[in-house]
Peer 1: 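Before anything else, here's the structure in question.
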Amino acid sequence: MPNFNRTTVTAALIYANGPIHIGHLAGCYLPADIYVRYLRMQKKDVVFVSGTDEHGVPITIKAQKEGKTPQEVVDHYYKVIKDSFSEFGISFDIYGRTSDPVHHKLSQEFFKKLYDEGKFIEETTNQFFDESANQFLADRYIVGECPSCHQPGAYGDQCEKCGTTLSPTELINPKSTLSGNSPILKPTKNWFLPLDQWQKSLEEYVSGHPEWKSNVSGQVKSWLQEGLKPRAMTRDLNWGVPIPLPDTEGKVLYVWFDAPIGYISMTSQLTDDWEKYWKAEDSRIVHFIGKDNIVFHCLIFPAMCMAHGEYQLADQVPANEFMNLEGDKISTSRNWAVWLHEYLEDFPGKQDVLRYTLTALSPETKDSDFTWSDFQTKNNSELVAILGNFVNRAFVLIDKNFDSKVPEKTAGAGLEEDMMKQVQAILEPLSNALEQYKFRDALVAAMEIARIGNKYLAEAEPWKLIKTEPEKAGTVLNYAIQLVAHASIALEPFLPFTSEKLRKALGLNQAEWSKIGDFNLIEAGTSLKNPGLLFEKLEDDVIQKQIDKLQETKKQMELANKKVPEIKETASFDDFLKMDLRVGQIVEAVAVEKSKKLLQLKVDDGIKVRTILSGIAEHFKPEEVKGKQVTFLANLAPRKIMGVESEGMILMAEGQEGELVFLNPSSPIWNGAKIS
RNA sequence: GGCGGGGUAGCUCAGAUGGUUAGAGCGUUGGAUUCAUAACCCAAAGGUCGGCAGUUCGAUUCUGCUCCCCGCUACCA
């Protein structure tokens, strides 16, 4: 284990096709920021790098939908995202972007070196090509009928209706979304990184890090067990980093090739000394990511770096799981999210409240759930009741009794030794938790200072001492203010805005970790500026508003997603007359063997009893439909389904949730009645 | 289907190379108190540690099976 002299901290490059929400913050950026702030407070050499990932297919699709250029789309979101982070105090040293020329250049150099040294394999494969648009089609650009559920409109990589993972060639009757034409298969050359050749080195790398979190090493080992395969590092696309080779018009680097290089290129824009942060053996690299990025950061990027040969591999990859919202998965497309820019509008100045709640509920070991009710509780019973209250008590007591000046320390209440021991006792667990990326635990430990303070005041009772032994009361309040100073330091990584307010009130210039444990940090006689209430209670109606807002978007999304299908082309009166619609009665119903959906019905049509198969088994049990009068199409050509001849079709209406409703007469009528 | 992660108090989560009374915060209940945003402080109640079986003197902790949640991945059509 080398001795590390500096730390390079990266937070995942976020994809620049939408604003950011609490899940992003909780999963990646907040833990990274807490860690970095902790290191800086110890005066460690650290760089904190992140930015937006601005290449790839989804951005081109979004641009096309909005009638903009891809560059316009990413310019917009780069600003939105960067501003949100900045407002929440995520203290990047640099926040870059992969569309930057500096990034293009470094990525190309990286690629070129691997190419020149023969680290890639070239392979020509057949890909769908749109002749009228004159370009190869990414999976998402191809739609067709899903081979699994036969719904039209499935994408080339996945059918959103049934969730099946697809490859474009599996689609039935594929169409290009660019032109609507049928694409042709055309050979194209791409460059693959033979991950299989790096399998052994990667296994050694991973097994050299037994300290990695179980969710990280678990997933990585799962991939290694399956055996790695060559992976294309280039794509046929015209939005991205151009391949630095001749005759590669219309080809770019795969986003997952250039994105991690972004960490490096962004560092190079921060400092001329950037190389040591990535190449020196005494530099420690830490990637903060969400669990969706594990494979790229623990296998693919390391393989790239091994192939390149000059860069250090990550020492730690503290990937978090996902945060849900009110029990449902956060989803940008379904608008099921708490957006940071909206939060700031609704809760101005309350960045630290969200930071606190998200840290306390952080998905460190498993998926977690953010609820507004938790948010309210954390605010009211921890920030207000424990921290805010303690700080307020200390300041108010000194304001009232000592003219806002820190009193002298003389004889105390006899509790001071014990109180300081309690503070000492939390320091090691606090540092350990921070160093081991256990920020939830660390936050609890840091808050303990305020709890100790509340208890100390309750037991020392300075408001009583002031009447009888004022110098003792003064001593107690001196200690109390030292505790406030401790809190301002210990909480800085988590609550930077609050911490700064406290430092201003105490006249402290900076938060230095080494000052914790120093109970003479604030000198007697110092004039205090009461910061006022640090946090305010959140009443039920404010919280309810947020819950209502979510419910409302949920409803709207449901409505938007359930569009009324368009009316089919005009049918002539004769067409209509052709259909013989009748009322009949189900006299018998049985499930069809080997079928999930079908019920075999015997329907009395007034003349005879006919057999009709109906795809309603998932909605109705046979006994439920027996005896029902229904409407059916009587002259539909008979058809054999699952070996049984079906003579007609039962008419059903389909609801928004896919539920089925019988169309039956509103009052009983004779079987065989004609419908017109 | 395979693999990985997780299923521990009402809620959010810790923890145990197997061993006398399984922890924290919030919530609840009771008490004390009034400097403080009815906050703080003290105390208590509350869990057959997902289910079944096995190994063991002893398992919630190990093994097997099983159910549920999350993720990755395959195959079939």
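As a basis for the values below, the full set of heavy atoms in this structure was taken, side chains included, without hydrogen atoms, waters or symmetry mates. Just so it is clear, the structure is predicted and the values come from calculations on it, not from any experiment. Quick note on labels: first sequence line is chain A, next is B, and so on, each numbered from 1.
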Peer 1: Is there a side-chain contact between A:Thr377 and the phosphate of B:U12, meaning an N or O under 4.0 Å from OP1 or OP2?
Peer 2: no
Peer 1: Select from A:Lys464 and A:Phe322 the residue whose nearest nucleotide in RNA chain B is closer to the 5' end of that strand.
Peer 2: A:Lys464
Peer 1: Under 4.0 Å between a side-chain N/O of A:Arg451 and OP1 or OP2 of B:C26, yes or no?
Peer 2: yes
Peer 1: By nearest atom, which of the nucleotides B:U8, B:C40, B:U37 is closest to the A:Arg393 side chain?
Peer 2: B:C40
Peer 1: Please tell me which of A:Glu448 and A:Gly388 maps to the more 5' nucleotide of RNA chain B, matching each residue to the nucleotide holding its nearest heavy atom.
Peer 2: A:Glu448
Peer 1: Return the value, rounded to whole Å, for the distance between atom CD1 of A:Ile543 and atom P of B:C26.
Peer 2: 18 Å
Peer 1: If you look at every strand shown and take non-hydrogen atoms under 4.0 Å, does A:Asn389 touch a base, only sugar-phosphate, or nothing?
Peer 2: base
Peer 1: Which is it for A:Lys421 and A:Glu417 under the salt bridge (Lys or Arg N to Asp or Glu O under 4.0 Å) test, yes or no, and what are the steps along the way?
Peer 2: CA-CA 6 Å; A:Lys421 261 187 206 158; A:Glu417 284 300 314; 5.8 Å; no
Peer 1: Just how far, in rounded Å, is C1' of B:C70 from CG of A:Asp328?
Peer 2: 14 Å
Peer 1: To the nearest angstrom, how far is A:Glu226 atom CD from B:G2 atom C1'?
Peer 2: 7 Å
Peer 1: Calculate the interatomic distance between A:Asp292 atom CG and B:C70 atom C1'; express it in whole Å.
Peer 2: 13 Å
Peer 1: Between B:C3, B:G25, B:C13, which nucleotide has the shortest distance from any of its atoms to the side chain of A:Arg440?
Peer 2: B:C13
Peer 1: Counting any heavy atom closer than 4.0 Å, what does A:Lys221 reach on the DNA or RNA strands: base, sugar-phosphate only, or nothing?
Peer 2: nothing
Peer 1: Report the nucleotide, chosen from B:U37, B:C41, B:C72, that has the shortest atom-to-atom distance to any side-chain atom of A:Gln219.
Peer 2: B:C72
Peer 1: Measure from the side-chain heavy atoms of A:Val396 and tell me the nearest of B:U12, B:C35, B:A39.
Peer 2: B:C35
Peer 1: Measure from CG on A:Asn379 to P on B:C26 and round the result to the nearest Å.
Peer 2: 14 Å
Peer 1: When you measure from the side chain of A:Ser499 to the backbone N and O of A:Ser488, does any donor-acceptor pair fall under 3.5 Å?
Peer 2: yes
Peer 1: If you only use heavy atoms from C-beta on, which nucleotide in B:G25, B:C35, B:C3 is closest to the side chain of A:Trp463?
Peer 2: B:C35
Peer 1: For A:Ser381 and B:G27, is the shortest distance between a side-chain N/O and OP1 or OP2 below 4.0 Å?
Peer 2: yes
Peer 1: Taking the side chain of A:Glu382 as heavy atoms from C-beta outward, which of B:C35, B:G25, B:C41 is closest to it?
Peer 2: B:G25
Peer 1: Considering only side-chain heavy atoms of A:Lys537, which listed nucleotide, B:A36, B:U37, B:C41, is closest?
Peer 2: B:U37
Peer 1: Tell me the partner of B:U56, counting only Watson-Crick (N1-N3 plus N6-O4 or O6-N4) or G-U wobble (N1-O2 and O6-N3) with both under 3.5 Å; none if nothing fits.
Peer 2: none
Peer 1: Which heavy-atom pair separates A:Ser373 from A:Ile543 by the least distance, and what is that distance?
Peer 2: N-CG2, 4.4 Å
Peer 1: Nearest heavy-atom pair of A:Glu364 and A:Lys213: which atoms, and what distance?
Peer 2: O-NZ, 2.7 Å
Peer 1: Would you kindly say whether A:Thr125 and A:Gln127 are connected by a side-chain donor-acceptor distance under 3.5 Å?
Peer 2: yes
Peer 1: Does A:Lys455 put a side-chain nitrogen or oxygen below 4.0 Å from OP1 or OP2 of B:C42?
Peer 2: yes
Peer 1: So, A:Glu408 side chain and A:Gly474 main chain: donor-acceptor pair closer than 3.5 Å or not?
Peer 2: no
Peer 1: Determine which nucleotide pairs with B:C72, using a 3.5 Å limit on both distances of a Watson-Crick or G-U wobble pair.
Peer 2: B:G2
Peer 1: Using a heavy-atom cut-off of under 4.0 Å over every strand shown, decide if A:Leu397 touches base, sugar-phosphate, or nothing.
Peer 2: base
Peer 1: Measure from the side-chain heavy atoms of A:Lys366 and tell me the nearest of B:G7, B:C35, B:C11.
Peer 2: B:G7
Peer 1: Which base sits across from B:A44 as a Watson-Crick or G-U pair, both distances under 3.5 Å?
Peer 2: B:U28
Peer 1: What integer number of Å spans the P atoms of B:C70 and B:C52?
Peer 2: 24 Å
Peer 1: Please give, in whole Å, the distance from B:U34 P to A:Asn392 CG?
Peer 2: 18 Å
Peer 1: For A:Ser368, report the nucleic acid contact type (base, sugar-phosphate, nothing); a contact means any heavy atom under 4.0 Å.
Peer 2: sugar-phosphate
Peer 1: Under 4.0 Å, heavy atoms only, any strand: does A:Ile452 hit a base, just the sugar-phosphate, or nothing?
Peer 2: nothing
Peer 1: Taking the six-membered ring for Trp and the full ring for Phe, Tyr or His, determine whether the centres of A:His21 and A:Tyr343 are under 6.0 Å apart.
Peer 2: no
Peer 1: Counting side-chain heavy atoms from CB outward, which of B:C3, B:C41, B:G5 is closest to A:Asn454?
Peer 2: B:C41
Peer 1: Rounded to the nearest Å, what distance is computed from the OH atom of residue A:Tyr356 to the P atom of nucleotide B:G25?
Peer 2: 12 Å
Peer 1: Please report, rounded to the nearest Å, how far the P atom of B:U12 is from the CZ atom of A:Phe439.
Peer 2: 23 Å
